[in-house]
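Accompanying notes for the structure given below.
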Amino acid sequence: MNRRHILAMVVGAALLIPGCTGTGGTSKGADAKAPDDPAKVTGTIKVLTVRTDLVQDGTMKKYAAEFNKTYPKVKVEFEALTNYEAEVKIRMNTENYGDVLLIPAVIKKSDYPKFFASLGTAQERGKKYRFTDFTTVDGKVYGQTPVGVSPGFVYNKRVWKEAGVTDWPTTPAEFLTDLKAIKSKTDAIPYYTNFAAGWTLTSWTYVNGSVHCDPEATDKLAEGDPWAKDADLRVGDTLLYDTVKSGLIEKDPTTSNWEESKPRLAKGEIATQWLGTWAIVQFQDAAKKAGVNPDDIGFMPFPSQVDGTFCAVVSPDYNQAVNVHSKHKDAARAWIDWFTDKSTYGQDNLAISPLKDAPLPAVMKPYEDAGVKFIEVDDSKGAQVKSIDNESETGIYAPEYRQNLVDLARGARKGSLDGFFSDLSERWTEAQKTSGS
């Protein structure tokens, strides 16, 4: 399992599954304070993760061994879940959902205090960490990401060069022209949708903010029409649609394979995928295993510029949190702090650090050289957006929305692109009138 933006929404307040009552909330307002003396922190904690790969190859156990050099009396156990969101939302109808877990997207932001212990105030944590507003409720922070991520195209530089393309496209039209050149001049699949995996398509929502270099992009989702003319999501969705419609993707998207796509892109059988910075190290590793050059793996921003400058949104990966019911909150908090501040997890994954004073990873040097501007989108209205998404049943963070778009473009679904956007707009704007935060 890899780092995944599987952001499926459900309707409900404290209820995670319709018709089922959760036990979260009985400890509402609990804090997980940072321990003063590591030698006094004891207990066994279970850490839930999506990284089945790192659990299976022993990497997480190595992190725990390093953690134990500072916290020798804490035993860390890991449980990696293949279908994380689906499994954890069921467990959260009980009190037994690990001591440390990744905050599932199914939970309304306003409900965080019912399920997670506070890590401190936003004012305090905001001095040291980026992205604190993503998990802040009533001035308290309930989650901490170990890494920041930025969306972009993972691509094979050798293939693009063979097609005669050496500069990043600056507009969607240029991007399509470049993919067509790849199709005509190489044997590579120009763009790979990874349709079957589903979750890979959710990354397209994160063009939001990059297209117009707008840190208030989330506000526009909450207050305006995301599919209005020139709106970021419409621009991104139109590019995906045009790419599919032009026959620039795999022959049968329904048979695509995420794990196989990594070595295939590394070897040059696939030219491009829209994913995120988190994927770079995985594709480089795939290149090494396949015996090809990992330096062929490149990363480029969305093809749009403002005043001649590319912009890239930086946002948190999954946020770790302490189960409000944990009997070892101090040990759980110790793990989160250590994993964020002291572990090599961020460097090992070539990730953007959540620490404000940390430099960008070396893998992002091409972005620095090209003058790409990094922006953090304000998430103060993120809960409202999720509520609207819930009520409208649009699913901008769920796979089906883009799968339907791909099906429309390849002729497996009836209708027009304008009609598709109009339906989304109508449902979204109607839900804005009635949804709460």
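In this chain, numbering begins with 1 at the start of the sequence shown. Just the heavy atoms: all of them, side chains too, but no hydrogens, waters or symmetry mates, feed the values below.
- Thr200 and Gln273 share no donor-acceptor pair across their side chains, judged by distance under 3.5 Å alone.
- Residues Leu405 and Leu417 form a side-chain contact, since some pair of their non-hydrogen atoms from C-beta on lies under 4.5 Å apart.
- Within the 4.5 Å cutoff, the side chain of Thr170 has heavy atoms near those of the Phe310 side chain.
- The pair Glu430-Arg427 does not meet the salt-bridge criterion, since no charged nitrogen lies less than 4.0 angstrom from a carboxylate oxygen.
- In this structure, Asp237 pairs ionically with Arg402, as a charged nitrogen and a carboxylate oxygen lie closer than 4.0 Å.
- Checking side-chain atoms of Asn323 against main-chain N and O of Val100 turns up no donor-acceptor pair under 3.5 Å.
- Using a 4.0 Å cut-off between charged nitrogen and carboxylate oxygen, Arg234 and Asp418 count as a salt-bridge pair.
- Two residues are said to be in side-chain contact when any heavy atoms from C-beta on lie closer than 4.5 Å; Val47 and Met60 fail this criterion.
- Under a 4.0 Å N-O distance rule, the pair Glu162/Arg158 qualifies as a salt bridge.
- The main-chain N or O of Ala105 is found under 3.5 Å from a side-chain atom of Glu85 such that the two form a donor-acceptor pair.
- Between Phe134 and Val377 the shortest side-chain heavy-atom distance does not fall below 4.5 Å.
- Taking Phe299 as the reference, Tyr367 meet the ring pair (Phe, Tyr, Trp, His ring centres under 6.0 Å) condition, with sequence neighbours excluded.
- Between the side chain of Ser304 and the backbone N or O of Thr171 there is no donor-acceptor pair closer than 3.5 Å.
- A donor-acceptor contact shorter than 3.5 Å links the side chain of Tyr84 to the backbone of Leu102.
- Listed by first then second residue, pairs satisfying salt bridge (charged side-chain N to carboxylate O under 4.0 Å, His left out) with a partner in residues 177-196 number zero, not counting sequence neighbours.
- For Tyr112, the ring pair (Phe, Tyr, Trp, His ring centres under 6.0 Å) partners are Phe116, not counting sequence neighbours.
- Between Gln144 and Thr135, every side-chain heavy-atom pair lies at or beyond the 4.5 Å cut-off.
- Put simply, the side chain of Pro303 reaches to within 4.5 Å of the side chain of Leu239, judged on heavy atoms.
- Note on Asp111 versus Lys108: no salt bridge recorded, every NZ/NE/NH1/NH2 to OD/OE distance being 4.0 Å or above.
- Aromatic rings from Phe420 and Tyr241 are positioned such that their centres are separated by 6.0 Å or more.
- The aromatic rings of Phe153 and Phe302 lie parallel to each other, their planes meeting at an angle below 30°, with 60° marking the opposite boundary.
- We find that Asp341 and Lys128 are joined by a salt bridge, their nearest charged nitrogen and carboxylate oxygen being less than 4.0 Å apart.
- Counting heavy atoms from C-beta on, the side chains of Pro399 and Leu201 never come closer than 4.5 Å.
- In this structure, Tyr345 has its ring center at least 6.0 angstrom away from the ring center of Trp335.
- A salt bridge is defined here as a Lys NZ or Arg NE, NH1 or NH2 lying under 4.0 Å from an Asp or Glu carboxylate O, and Arg264 with Glu250 fails to meet this definition.
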